[in-house]
Amino acid sequence: GGGFDLVVMAGNVMIFVAPGTEAAVVSNMAAQLDDGGLLVAGFQTGSGKLAPERYDAHCLDAGLSAVETWATWDREPHTGGDYVVFVHRKP
C-alpha cells in the first residue's frame with residue numbers, strides 16, 4: 001500500500017482538477033492508501049460538474065469499494081442534491 005489510512009479530498013477538489021484527469025486523480029489517491037484505507041471526497045454536483053455516478057465508477061476502476069455516500073459532511077443521506085460526500089475503501 002501507499003502508507004496512509006485515510007486520504008481526504010475536501011473543498012471540491014474533484015471539480016477543480018483538469019477536465020479528463022479525474023480517473024487518474026482517483027487512481028493516484030487510491031495508490032496512496034494502505035489496504036483497508038479510506039478515500040473520502042466531497043464535491044458539488046450539477047450542470048457541467050463531475051457526476052456522482054462517474055466519480056463512483058472511477059473509484060471502482062481504481063480498485064476501491066463504496067462504503068458510504070452522504071449529502072453533507074454531517075452525514076445526511078444523499079438523495080440526489082447538489083453536493084455529495086463519498087467514502088470508498090481499499091480492500
Side-chain angles (χ1 to χ4, degrees):
F4 293 97
D5 294 327
L6 176 67
V7 172
V8 178
M9 295 189 293
N12 288 310
V13 169
M14 288 307 300
I15 65 171
F16 290 120
V17 301
T21 66
E22 296 89 353
V25 169
V26 170
S27 180
N28 288 334
M29 294 302 102
Q32 304 309 309
L33 292 169
D34 277 337
D35 292 346
L38 299 174
L39 175 62
V40 180
F43 54 91
Q44 290 178 336
T45 62
S47 180
K49 295 185 172 74
L50 179 61
E53 298 80 13
R54 189 164 175 202
Y55 175 80
D56 190 44
H58 292 323
C59 289
L60 296 177
D61 289 345
L64 303 175
S65 58
V67 177
E68 298 281 350
T69 306
W70 304 312
T72 69
W73 288 99
D74 292 334
R75 296 181 291 183
E76 295 294 326
H78 185 260
T79 58
D82 64 354
Y83 195 84
V84 65
V85 177
F86 279 101
V87 179
H88 286 86
R89 181 182 315 275
K90 184 174 185 175

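In this model, a donor atom of one side chain and an acceptor atom of the other lie less than 3.5 Å apart for Trp73 and Tyr83.
Residues Val17 and Phe86 share a single hydrophobic cluster, defined by chaining ILVMFWY side chains whose heavy atoms lie under 4.5 Å apart. Cluster annotation: Leu6 is not connected to Met29 through the hydrophobic network of ILVMFWY side chains, with a link wherever side-chain heavy atoms come within less than 4.5 Å. Leu38 and Val26 are members of different hydrophobic clusters when ILVMFWY side chains are connected at heavy-atom separations under 4.5 Å. Phe4 and Val8 fall into different hydrophobic clusters, defined by Ile, Leu, Val, Met, Phe, Trp and Tyr side-chain heavy atoms under 4.5 Å apart, directly or through other members. Taking hydrophobic clusters as Ile, Leu, Val, Met, Phe, Trp and Tyr residues chained together by side-chain heavy-atom distances below 4.5 Å, Phe16 shares a cluster with Val84.
Panel note: side chain Glu22, backbone Gly20; a donor-acceptor pair is recorded below 3.5 Å. Under the 3.5 Å distance criterion, the side-chain polar atoms of Asp5 are left unmatched by any main-chain donor or acceptor of Gly37. Between the side chain of Lys90 and the main chain of Leu33, a donor-acceptor pair closer than 3.5 Å is present.
Contact detail for Ala23 and His58: the closest heavy-atom pair is CB-ND1, 3.5 Å. Taking all atoms of both residues into account, the shortest heavy-atom contact from Ser27 to Ala62 is CA-CB, 4.0 Å. Counting all heavy atoms, side chain and backbone alike, Val25 lies closest to Met14 at CG1-SD, 3.8 Å. The minimum heavy-atom distance between Gly3 and Asp34, with the atom names listed, is N-OD1, 2.9 Å. Between Thr45 and Leu50, the shortest heavy-atom distance links the atoms CG2-O, 4.0 Å. Considering all non-hydrogen atoms of both residues, Leu60 and Ala66 come closest at CD2-N, 4.4 Å.
Trp70 has its side chain within reach of Arg75: a pair of non-hydrogen atoms, C-beta onward, lies under 4.5 Å apart. Side-chain contact between Leu64 and Leu39: present, with at least one pair of heavy atoms (C-beta onward) separated by less than 4.5 Å. At least one side-chain heavy atom of Asp56 sits less than 4.5 Å from a side-chain heavy atom of His88. Here the side chains of Gln44 and Asn12 are in contact, with some heavy-atom distance below 4.5 Å. Side-chain contact between Val40 and Val7: absent, with no pair of heavy atoms (C-beta onward) separated by less than 4.5 Å.
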Item to complete: Decide yes or no on ring pair (Phe, Tyr, Trp, His ring centres under 6.0 Å) for Phe43 and Tyr55, but give the supporting numbers first.
Response: CA-CA 10 Å; Phe43 54 91; Tyr55 175 80; 5.2 Å; yes
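The distance from the CG atom of Asp35 to the CZ atom of Arg89 is 11.5 Å, given to the nearest 0.5 Å.
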